[in-house]
Amino acid sequence: MSQNNLVLDKSFAFAVRIVKLSKYLKEEKHEIVLSNQILRSGTSIGANSEEAVGTQTHKDFIAKMSIAHKETRETNYWLRLLHEAEYLYNIQFESLHADCTQLLKIISAILITAKNNEKHKK
């Protein structure tokens with residue numbers, strides 16, 4: 001666990017769920033393409049958030065968090081598609097979608113704050 005960093009903790013826990021989802025989709029549903037898509041985007045959220053925390057400049061932080069934001073939106077898309085295509089039961093979708101939506105809200109708030117701080121520096 002990170003040292004009290006909400007976005008890092010939640011994005012890591014979400015990535016673990018996505019890895020397990022990908023395994024389920026491949027083994028139980030025999031779905032490879034969509035499984036790989038959601039695996040890439042869903043694990044990228046945490047990786048980019050982790051990179052953002054380690055950046056040396058404020059601009060780099062905003063750039064990495066912006067990528068995490070885009071990856072979260074993409075993951076949300078794949079979740080909705082998997083649900084509508086009947087690869088996910090309602091309960092699976094609702095739980096994962098709720099976590100994804102929560103991450104999106106957290107990352108959006110971080111970006112708004114970071115961009116406002118950047119404006120005030122100028």
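By the 4.5 Å heavy-atom criterion applied to side chains, K26 and N36 are counted as neighbours. Between K10 and I106, some side-chain heavy-atom pair lies under the 4.5 Å cut-off. A heavy-atom distance below 4.5 Å is not found between the side chains of L103 and T75. Two residues are said to be in side-chain contact when any heavy atoms from C-beta on lie closer than 4.5 Å; L25 and L21 meet this criterion. Considering only heavy atoms from C-beta on, F14 comes within 4.5 Å of L96 through its side chain.
I110 and L104 are members of different hydrophobic clusters when ILVMFWY side chains are connected at heavy-atom separations under 4.5 Å. Residues L81 and I38 share a hydrophobic cluster, clusters being chains of Ile/Leu/Val/Met/Phe/Trp/Tyr side chains in contact below 4.5 Å. Hydrophobic clustering (ILVMFWY, side-chain heavy atoms < 4.5 Å, transitive): L6 and M65 are in one cluster. A single hydrophobic cluster is not seen to contain both L8 and I67; linkage of ILVMFWY side chains at heavy-atom distances under 4.5 Å, directly or through other members, places them apart.
At distances below 3.5 Å, at least one donor-acceptor pair connects side-chain atoms of N48 with backbone N or O atoms of S44. A donor-acceptor pair under 3.5 Å links the side-chain atoms of S66 to the main chain of I62, judged by distance alone. S22 contributes no side-chain N or O that, together with a main-chain N or O of I18, makes up a donor-acceptor pair within less than 3.5 Å. Put simply, the side chain of S95 never gets that close to the backbone of Q92: no donor and acceptor are under 3.5 Å apart.
Interatomic distance, C100 SG to E71 CD, rounded to the nearest 0.5 Å: 11.0 Å. Rounding to the nearest 0.5 angstrom, the gap separating the CG atom in L88 from the CD atom in E94 is 11.0 Å. To the nearest 0.5 Å, atoms NE2 (H30) and CD (E27) are separated by 9.5 Å.
For residues 73-110, every residue pair satisfying the ring-ring contact (aromatic ring centres under 6.0 Å, His included) rule, not counting sequence neighbours, is listed here: H83-F93, F93-H97. For residues 48-70, the set of pairs meeting the ring-ring contact (aromatic ring centres under 6.0 Å, His included) definition, not counting sequence neighbours, is empty.
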*Quick one: do I45 and I107 satisfy side-chain contact (heavy atoms from CB on, under 4.5 Å)? Show the steps, please.*
CA-CA 10 Å; I45 300 164; I107 293 168; 3.8 Å; yes
*Would you sort out whether N116 and T113 count as a side chain to side chain donor-acceptor pair (under 3.5 Å), showing the intermediate values?*
CA-CA 5 Å; N116 284 339; T113 301; 5.9 Å; no
*Where do K64 and S49 land on the side-chain contact (heavy atoms from CB on, under 4.5 Å) test, with the steps shown first?*
CA-CA 7 Å; K64 287 296 180 185; S49 297; over 6 Å; no
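The local environment of NZ in K29 is crowded, with over 12 non-hydrogen atoms from other residues, nucleotides or ligands closer than 6.0 Å.
Legend: residues meeting side chain to side chain donor-acceptor pair (under 3.5 Å) with R73, ordered by chain and number and at least two apart, are absent.
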